[in-house]
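Heads up: the structure comes next, in structure tokens.
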Amino acid sequence: MTQGEKISVSNGSLNVPNHPIVPFIEGDGTGPDIWASACRVLDAAVDKAYKGEKKIVWKEVLAGQKAFDETGEWLPQETLDAINEYFIAIKGPLTTPIGGGIRSLNVALRQQLDLFTCVRPVRYFEGVPSPVKRPEDTDMVIFRENTEDIYAGIEFAEGSDEVKKMINFLQDEMGTKNIRFPETSGIGIKPVSKEGTERLVRAAINYALTEGRKSVTLVHKGNIMKFTEGAFKSWGYDLAEREFGDKVFTWNQYDEIKDNAGLEAANKAQSDAEAAGKIIVKDSIADIFLQQILTRPAEFDVVATMNLNGDYISDALAAQVGGIGIAPGANINYDTGHAIFEATHGTAPKYAGLDKVNPSSVILSGVLLLEHLGWSEAANMVLTSMEKTIASKVVTYDFARLMDGATEVKCSEFGTALIDNM
Ligand SMILES: NC(=O)C1=CN([C@@H]2O[C@H](COP(=O)(O)OP(=O)(O)OC[C@H]3O[C@@H](n4cnc5c(N)ncnc54)[C@H](OP(=O)(O)O)[C@@H]3O)[C@@H](O)[C@H]2O)C=CC1
Ligand SMILES: O=C(O)CCC(=O)C(=O)O
Ligand SMILES: [Mg+2]
């Protein structure tokens with residue numbers, strides 16, 4: 001077996017040896033099926049691209065049911081320590097019970113390692129069945145804030161002593177009058193900070209600049225949640241103007257020009273900015289955004305938003321390009337270099353152990369991992385093979401049920417087809 005070496009970080013850049021050790025979490029439910037398929041595909045691509053010179057040395061770390069069964073803990077400290085030490089990891093989905101029980105281990109990993117950005121690229125692969133007329137117009141990258149918002153888990157259950165205290169405090173000390181049914185309410189708290197917003201928006205604009213993207217849209221519900229989502233919008237615009245200067249043109253600046261010099265001048269300023277290749281930083285209220293990504297997807301590019309909006313938007317956009325079976329993601333701390341790559345979807349428990357579901361979301365998360373390591377030759381090999389395999393209509397059940405003349409294959413067989421087409 002190849003002896004691996006650790007990835008390290010110096011001056012903000014990764015130093016990647018030829019045999020990097022990368023921890024993986026297999027995941028619950030369909031996790032073992034999709035991870036097995038993905039791992040084979042990623043290994044084959046690296047082997048072919050670098051003719052055996054490079055190889056990822058996978059190191060299993062535990063979380064979820066498997067961790068609980070083997071150690072009595074859902075998320076052992078050893079797992080967090082290993083990801084901290086090795087910097088880069090990949091994971092399958094982990095189960096979260098609804099309405100009670102343990103809090104999300106997926107969210108805990110992001111929060112405890114401070115992986116503040118969840119990057120979810122959404123692109124179309126030719127031939128994938130889609131519910132929209134021009135799925136190729138959807139080409140967006142979601143930057144979802146990963147550590148704040150109602151995902152902070154500050155919740156008090158209806159009927160508990162804590163919720164009574166909280167409601168008394170709100171009514172007696174804060175003058176709150178509009179808790180409609182105070183005797184039977186649960187309460188959740190939504191922290192959104194300037195610091196958290198700024199590091200997320202900074203990452204989104206940096207990405208747009210590096211990748212030659214045209215715009216960054218701040219998505220919020222700031223008309224209703226003024227001091228959290230509304231503040232996100234204001235802090236985002238301020239950061240863009242303060243830190244990125246003439247590399248960006250914001251709708252804040254557009255409004256100022258319109259107020260002072262009129263509509264025509266504002267429109268001209270924006271077209272001049274576009275012509276000069278500046279990133280347009282704009283905003284959209286979350287409800288209308290969900291309509292416009294369906295009706296006018298070509299108008300959106302990089303999307304920066306808070307945790308809950310980002311969760312909803314990720315699944316909605318995934319549907320437009322063929323569904324959650326092909327939706328990858330990466331949780332990244334751009335300051336420390338730590339990252340965990342993972343699919344957007346969950347454990348799909350009804351398909352667990354059937355070798356049935358689409359492994360593409362984890363495979364494409366692996367592609368993001370390879371790109372992150374700077375191993376773009378291997379990443380491109382997987383992408384090209386996926387394009388070829390889908391074009392030949394060899395697909396898993398999720399695509400096969402929507403395609404004419406498809407050959408439906410199992411999760412593992414789809415992995416084999418990808419390897420054969422490399
Ligand atoms: N990051 C993570 O680890 C995440 C974990 N979860 C957790 O997963 C569990 C189940 O959540 P649920 O809301 O059912 O969402 P899931 O994403 O697990 O599954 C919902 C549906 O999406 C489709 N789907 C999911 N994965 C695939 C795949 N690989 N290939 C093809 N289709 C797929 C299936 O659709 P169909 O029925 O149409 O075939 C499935 O029934 C919960 O405990 C939840 O908390 C949820 C999201 C993310
Ligand atoms: O942690 C979970 O169970 C759900 C997480 C989720 O939906 C997501 O990350 O998109
Ligand atoms: Mg989700």
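All values below were derived from every heavy atom in this structure, side-chain atoms included, with hydrogens, water molecules and symmetry-related copies excluded. Both ligands and their constituent atoms are indexed starting at 1 by order of listing.
- Using a 4.0 Å cut-off between heavy atoms, H345 makes no contact with ligand 2 at all.
- Within the 4.0 Å heavy-atom criterion, the part of R120 lying near ligand 2 is the side chain and not the backbone.
- Listed by number with element, the atoms of ligand 1 under 4.0 angstrom from any heavy atom of I324 are 22 (O), 23 (C), 24 (N), 25 (C), 33 (C).
- If you look at N358 next to ligand 1, the close heavy atoms, those under 4.0 Å, come from the backbone and the side chain alike.
- Under 4.0 Å from ligand 1, not a single heavy atom of K356 appears.
- Ligand 1 has no N or O atom lying under 3.5 Å from any N or O atom of P349, backbone or side chain.
- Under the 4.0 Å distance rule, the nearest protein heavy atom to atom 11 (O) of ligand 1 falls outside the cut-off.
- Contact analysis puts R144 in contact with ligand 2, with a non-hydrogen atom separation below 4.0 angstrom.
- Here D315 does not reach the Mg ion (ligand 3): none of its N/O/S atoms is less than 2.8 Å from the metal.
- For D311, the N/O/S atom at the shortest distance from the Mg ion (ligand 3) is named OD1.
- Taking a cut-off of under 4.0 Å to the non-hydrogen atoms of G325, the atoms of ligand 1 that pass are 28 (C), 30 (N), 31 (C).
- The ligand atoms of ligand 1 that sit less than 4.0 angstrom from a heavy atom of T95 are 43 (O).
- A ring-centre distance under 6.0 Å is found for F87 and H338.
- Between T96 and ligand 1, a contact under 3.5 Å exists for at least one N or O pair.
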